[in-house]
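In what follows, a single structure is set out as structure tokens and then discussed.
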Amino acid sequence: MRAELVAATALRNTRPAGGTDVTDAEAVIAHAAMSSHDAETVLRRLIDDDRADFLAHASATLHVYGVSRAAAEIIRAHPGFAVSLRDDDGAVVPHLIAEDEDLVNLFDTAIEHIAFIRQELLDGLEHVLVDDPNLLSRRKRAAEAARSLLPLATATQLVITGSYGAWRGFVEKHSGKYEDKEIRMIARACLDVLQPEAPLVFEDLAAGERR
């Protein structure tokens with residue numbers, strides 16, 4: 001699994017007072033606060049006061065690869081995210097299964113069986129719909145029905161756009177030790193990408209750094 005930055009808020013105006021040491025996205029947030037204080041002070045106060053409404057003035061788009069469909073559904077449900085999803089070949093092995101070779105072999109066998117049965121189902125559906133004169137419509141209807149057999153382990157890639165407030169909320173919610181390991185790793189990978197874009201906004205979310 002990996003996360004890459006696609007886009008982030010860029011500044012198109014003069015920087016706020018004391019804004020020389022802040023990034024573009026941070027400068028936009030400080031500008032939106034319309035404060036007479038320097039940008040760093042404004043940003044730290046907004047974070048300490050949990051003012052996510054001001055963080056909505058900046059956003060970032062990340063492309064995340066190698067995510068299970070189960071994790072993708074959790075991400076799609078997060079408030080404030082716009083998410084595009086595409087299935088990839090293969091499956092993401094759950095971390096607990098990945099720790100045991102015999103369980104991995106059993107998992108791989110199950111995935112292969114599901115893929116075989118899904119293809120058989122797809123062929124049968126196309127035969128049932130043979131009277132549909134529209135070839136594209138026939139294939140689309142068959143594929144949609146056969147998708148019900150896609151396992152939650154199916155590998156996917158996502159393009160996610162969210163405000164910095166939404167991203168903070170996602171990382172905070174899914175970084176706890178009792179969260180599923182995959183979603184924790186995704187949250188951490190996204191944080192690693194976002195921190196260079198807005199260190200003052202995200203610095204307290206790093207391990208051991210929360211104020």
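Since this is a predicted model, take the numbers as computed values, not measurements.
With rounding to the nearest 0.5 angstrom, the CZ atom of Phe170 is 7.0 Å from the NE2 atom of His78.
Between Pro94 and Phe107 there is a side-chain heavy-atom pair separated by less than 4.5 Å. Between Arg139 and Glu126, the closest side-chain pair of non-hydrogen atoms falls below 4.5 Å. Residues Glu26 and Pro199 meet the side-chain proximity criterion, which asks for heavy atoms closer than 4.5 Å. Contact of the Thr156 side chain with the Leu158 side chain is registered, since non-hydrogen atoms from C-beta on lie closer than 4.5 Å. Counting heavy atoms from C-beta on, the side chains of Leu5 and Glu197 come closer than 4.5 Å. Contact of the Ile47 side chain with the Arg168 side chain is registered, since non-hydrogen atoms from C-beta on lie closer than 4.5 Å. Proximity of Val67 to Ile186: side-chain heavy atoms (C-beta onward) are separated by under 4.5 Å at one or more points. A 4.5 Å side-chain heavy-atom check between Arg44 and Leu200 finds at least one atom pair inside the cut-off.
The minimum heavy-atom distance between Leu125 and Ala146, with the atom names listed, is CD1-N, 3.9 Å.
Environment of CD in Glu144: crowded, with over 12 heavy atoms of neighbouring residues, nucleotides or ligands closer than 6.0 Å. Environment of CZ in Arg138: crowded, with over 12 heavy atoms of neighbouring residues, nucleotides or ligands closer than 6.0 Å.
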Identify each donor-acceptor pair in which a side-chain atom of residues 81-91 lies under 3.5 Å from a protein atom, sequence neighbours left out, and give them as a table.
{"unit_1": "Asp87", "atom_1": "OD1", "unit_2": "Arg69", "atom_2": "NH2", "d": "2.7"}
{"unit_1": "Asp87", "atom_1": "OD2", "unit_2": "Arg69", "atom_2": "NH2", "d": "3.0"}
{"unit_1": "Asp87", "atom_1": "OD2", "unit_2": "Arg147", "atom_2": "NH1", "d": "3.3"}
{"unit_1": "Asp87", "atom_1": "OD2", "unit_2": "Arg147", "atom_2": "NH2", "d": "3.3"}
{"unit_1": "Asp88", "atom_1": "OD1", "unit_2": "Gln157", "atom_2": "NE2", "d": "3.1"}
{"unit_1": "Asp88", "atom_1": "OD2", "unit_2": "Gln157", "atom_2": "NE2", "d": "3.3"}

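The salt bridge (Lys or Arg N to Asp or Glu O under 4.0 Å) pairs that include a residue from residues 173-183 number zero, where partners must be two or more places apart or lie in different chains.
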Apply side-chain contact (heavy atoms from CB on, under 4.5 Å) to the pair Met1 and Val64, showing each step before the final yes or no. CA-CA 7 Å; Met1 185 275 300; Val64 183; 4.2 Å; yes
Begin from the C-alpha positions of Phe54 and Leu43 and carry the test side-chain contact (heavy atoms from CB on, under 4.5 Å) through to its verdict. CA-CA 9 Å; Phe54 282 99; Leu43 287 162; over 6 Å; no
